Each structure stands twice: as structure tokens, then as C-alpha cells.
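Along the sequence shown, the residues carry numbers beginning at 1. Bear in mind that the values here come from a model prediction, so they are computed numbers and not experimental data.
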Amino acid sequence: MRTQNTARRFGARASVPVLILLATGAVLAPASPASAAVPGLVRIAATSVSDSADFHSVTATCPVGKVLTGTGYELNGVTGEGVVDDLRPNGGVATAPTAVTVGAYETEAFAGNWSVTAYAICANPLPGLVRVTTAGVSNSADYRSVTATCPVGKVLTGTGYELNGVTGEGVVDDFRPNGGVATAPTAVTVGAYESDATTLNWSATAYAICANPLAGLVRASTVGASTSADFRSVTATCPVGKVLTGAGYELNGVTGEGIVDDFRPNGGPATAPTSAASGAYEEDAFAGNWSDTAYAICATP
């Protein structure tokens, strides 16, 4: 095992209630808040240099005039020896995100060359788009969980996280948007374990990319088979006619022994994504059964 070190708003405007007097004197009820679609959706990729350094980082930036709705990443050349501890959208509580930075460390000494790819899901500007941040407590506990929740009236389009105070010793195994097949997501929970025992104080930060209500926004999910295999992969696909704005994943049955090294939306610079794949390896040999769940946040294009 590696030695320890201490480095380191969318949619149309809500309709204003208007009272319209008819000739008969009747009054219409206030209009419901409007939802809008997601125009111009594409996936952008950027890959870091491939070498044997302990740490790799790369930023995927949306084309000029587009904004970031969701994120993704992929580790290349490692099969459980690397872990993403920084999946960080830019932006803020009053600023729409436009890029995502992915940072990854080796979890144990690895002599080969490897790299990291960042994926940015981008769309034409969405009214009300912002990035919300929630930071958890910093301590030396083996596990921590934190939830970032969208402001009231907004919905979740995408997700992000950051581990602070560890450099390869922590793994995110719960990166879960809420919602369902008929319910728009509004929050994301990040749960992380130590992959190696450490006395360091560390914390997790959850990022929620939020917008005004989107037409048809739902959360789809697919659960993979539970086995003792070293690797598993599962894909969550949007319902027919919908497109992917963001994603998430969850490992079940392992508590720090599994690493998601492939969190990949499909699509391209001219193609709207419609699914997200989650691929995971055992970080250490693990005899028990475990599974991987992929989540897709989907909306009307």
C-alpha cells in the first residue's frame, strides 16, 4: 500500500401570477411555473498527459457561449491503482459553471504510465444555473457523508465532489443524486471511505449544479450484478426522447475496497449524451460480493 503523506438557474422565468377578468367577471387561477428544455447539449472531453507521476489533473471547458450542466471522468492505464479525489465544477452561488477539473492520485505505488480524462456536459445557457457547495466536517473518521441541496425552486442537473486532506487514501463510493423515474432530483449525496488506514484529518465536499425547473427532468438508474469479480461496469440510459444532463454512481457491498475509475457520459462535441457508464475495480483483493449502480439525470432536449 502507499505510504501516508500530508500534501495538500434554467427554465423560463416562473410565471408571475396574473388575474385576468373575463367578460363574465370570472377569474382565472394563477399560472403554474414554466419549465424549459435543454438546448444545444454536447459532451466535451480533455485528457491529461500520460506519465508515471503520482498525481494527474485536467480541466474540460465548455465551448464559448455554453454552460456546464454535468460532469464525468475516466482513468486510463490503471485498474484500481488510481483514484479521483477532485471532480470540481467551477462557478458559484451566483455564477453559472462552465468547466470541470478532475484530479487523481495513485492509491499505491504504480510504475506504469497513466492519465485522466475530464468530461464536461455542456448546453446553451440555462436560466438560473448555479453551483452549490456543501463541505463536511474534517476529522480522522473512516467514513464521511455530505449532501449538497439545490436552492428552493431549483432542480439538480449535475454533480461533483472533492476530497480534502488525503492524497489517494480516500475513495468516493456513494455519489448519488436523489429523485426517481417520476421525480426531479434536487440534491446529491457524497459518501467516502478511507481506502487505507490513515490518522490524517480529512473531509468531503459535495457540489450540486442547479437550475430553474427543466422539462421532463428525472433520475434513471441501473443496478449491476452483485458478484465477487474484480471489475464490473453498468450503464444508466435515459428514457427514450430524453438527454443526459448529469450523472452519479454508487458502490454496494464494499466499504473502501472498490474504486470507480470510469464515470463516463456518452456523446461527443456534436452529439447530445443519453447515457452514463460506471466502471469499478477492487482496490485491494476482496472476497465478498459487491455491485455498482449507475445514475443518469435526464431531461427533455
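- Side chain to side chain, Ser203 and Arg144 fail the donor-acceptor criterion of an N or O pair below 3.5 Å.
- Going from atom OG of Ser228 over to atom CG of Asn289 covers 5.5 Å, rounded to the nearest 0.5 Å.
- Scanning all heavy atoms of the two residues, the minimum distance from Ser291 to Ser226 falls at CB-CA, 3.9 Å.
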> Hey, mind stepping through Ser140 and Thr199 against side-chain contact (heavy atoms from CB on, under 4.5 Å) and telling me if it holds?
Replying inline: CA-CA 6 Å; Ser140 60; Thr199 59; 5.6 Å; no
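- With rounding to the nearest 0.5 angstrom, the CG atom of Asn90 is 8.5 Å from the SG atom of Cys62.
- With 3.5 Å as the limit, one finds no donor-acceptor pair spanning the side chains of Ser50 and Asn76.
- Hydrophobic clustering (ILVMFWY, side-chain heavy atoms < 4.5 Å, transitive): Phe286 and Val171 are in distinct clusters.
- When all heavy atoms are compared, the tightest approach of Pro39 to Leu126 is CD-CD2, 4.2 Å.
- Counting heavy atoms from C-beta on, the side chains of Asp196 and Glu283 come closer than 4.5 Å.
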>> Apply side-chain contact (heavy atoms from CB on, under 4.5 Å) to residues Thr274 and Leu244 and explain how you reach the verdict.
In response: CA-CA 5 Å; Thr274 56; Leu244 185 83; 5.5 Å; no
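- The two residues Phe55 and Ala104 have their closest heavy-atom pair at CD1-O, 3.1 Å.
- The shortest distance between side-chain heavy atoms of Pro269 and Ile44 falls below 4.5 Å.
- In the hydrophobic clustering of this structure, Tyr193 does not group with Trp290; members are Ile, Leu, Val, Met, Phe, Trp, Tyr whose side-chain heavy atoms approach within less than 4.5 Å, directly or through other members.
- Of all heavy-atom pairs spanning Lys242 and Pro301, the tightest one is CA-CD, 4.3 Å.
- Side-chain heavy atoms closer than 4.5 Å link hydrophobic residues (I, L, V, M, F, W, Y) into clusters, and following such links, even through other members, never connects Val42 to Val67.
- Using modelled atom types, one side-chain atom of Arg43 and one backbone atom of Pro265 make a donor-acceptor pair closer than 3.5 Å.
- In this structure, CG in Asn178 is found 7.5 Å from CZ in Arg219, a value given to the nearest 0.5 Å.
- Remark: of the listed residues Leu163, Asp86, Thr133, Thr134, Thr133 is the sole one forming a side chain to side chain contact (heavy atoms under 4.5 Å, CB included) with Thr205.
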>> Quick one, Thr255 with Tyr143, criterion side-chain contact (heavy atoms from CB on, under 4.5 Å). Give me CA distance, side-chain angles, the key distance, then yes/no.
In response: CA-CA 9 Å; Thr255 54; Tyr143 174 75; over 6 Å; no
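- Side-chain contact annotation: Ser233 with Asp262, donor-acceptor N/O pair under 3.5 Å absent.
- Taking 4.5 Å as the limit, every side-chain heavy atom of Thr95 sits out of range of all side-chain heavy atoms of Arg131.
- Going from atom CD of Glu257 over to atom OG of Ser195 covers 9.5 Å, rounded to the nearest 0.5 Å.
- No side-chain N or O of Ser138 forms a donor-acceptor pair with one of Asn201 less than 3.5 Å apart.
- Checking Thr147 against Thr189 by side-chain atom types alone, a donor-acceptor pair falls below 3.5 Å.
- Side-chain polar atoms of Thr47 and Thr117 form a donor-acceptor pair below 3.5 angstrom.
- Of all the heavy atoms in Val130 and Val93, the pair that sits closest is CG1-O, 3.4 Å.
- Side-chain atoms of Thr222 never come within 3.5 Å of backbone atoms of Ala294 as a donor-acceptor pair (strictly under, hydrogens ignored).
- Closest of all the heavy-atom pairs between Ala46 and Thr59 is CB-O, 3.5 Å.
- In summary, the side chains of Asn266 and Ser275 do present a donor paired with an acceptor at a separation below 3.5 Å, with no hydrogens or angles considered.
- Transitive grouping of hydrophobic side chains (ILVMFWY, heavy atoms separated by less than 4.5 Å) keeps Tyr207 and Leu156 in distinct clusters.
- In summary, the side chains of Trp202 and Glu169 do not present any donor paired with an acceptor at a separation below 3.5 Å, with no hydrogens or angles considered.
- Residue pairs satisfying the disulfide (SG to SG under 2.5 Å) criterion with at least one member in residues 239-297, sequence neighbours excluded, are absent.
- Between Pro63 and Cys122, some side-chain heavy-atom pair lies under the 4.5 Å cut-off.
- For Phe175, the ring pair (Phe, Tyr, Trp, His ring centres under 6.0 Å) test picks out Tyr161, Tyr249, Phe263, with sequence neighbours left out.
- With values rounded to the nearest 0.5 angstrom, Ile121 atom CD1 is found 5.0 Å from Thr69 atom OG1.
- In this structure, His56 contributes its side chain and Trp114 its backbone to a donor-acceptor pair below 3.5 Å.
- In the hydrophobic cluster analysis, where Ile, Leu, Val, Met, Phe, Trp and Tyr join through side-chain heavy atoms closer than 4.5 angstrom, Val116 is grouped apart from Ile259.
- In summary, the side chains of Asp292 and Ser278 do present a donor paired with an acceptor at a separation below 3.5 Å, with no hydrogens or angles considered.
- With contacts defined as side-chain heavy-atom distances shorter than 4.5 Å, the pair Leu217/Thr245 qualifies.
- Separating the OG atom in Ser221 from the CD atom in Glu250 is a distance of 9.5 Å, to the nearest 0.5 Å.
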> Hey, mind stepping through Thr71 and Tyr119 against side-chain contact (heavy atoms from CB on, under 4.5 Å) and telling me if it holds?
Replying inline: CA-CA 6 Å; Thr71 65; Tyr119 293 110; over 6 Å; no
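- The main-chain N or O of Ser52 is found under 3.5 Å from a side-chain atom of Asn113 such that the two form a donor-acceptor pair.
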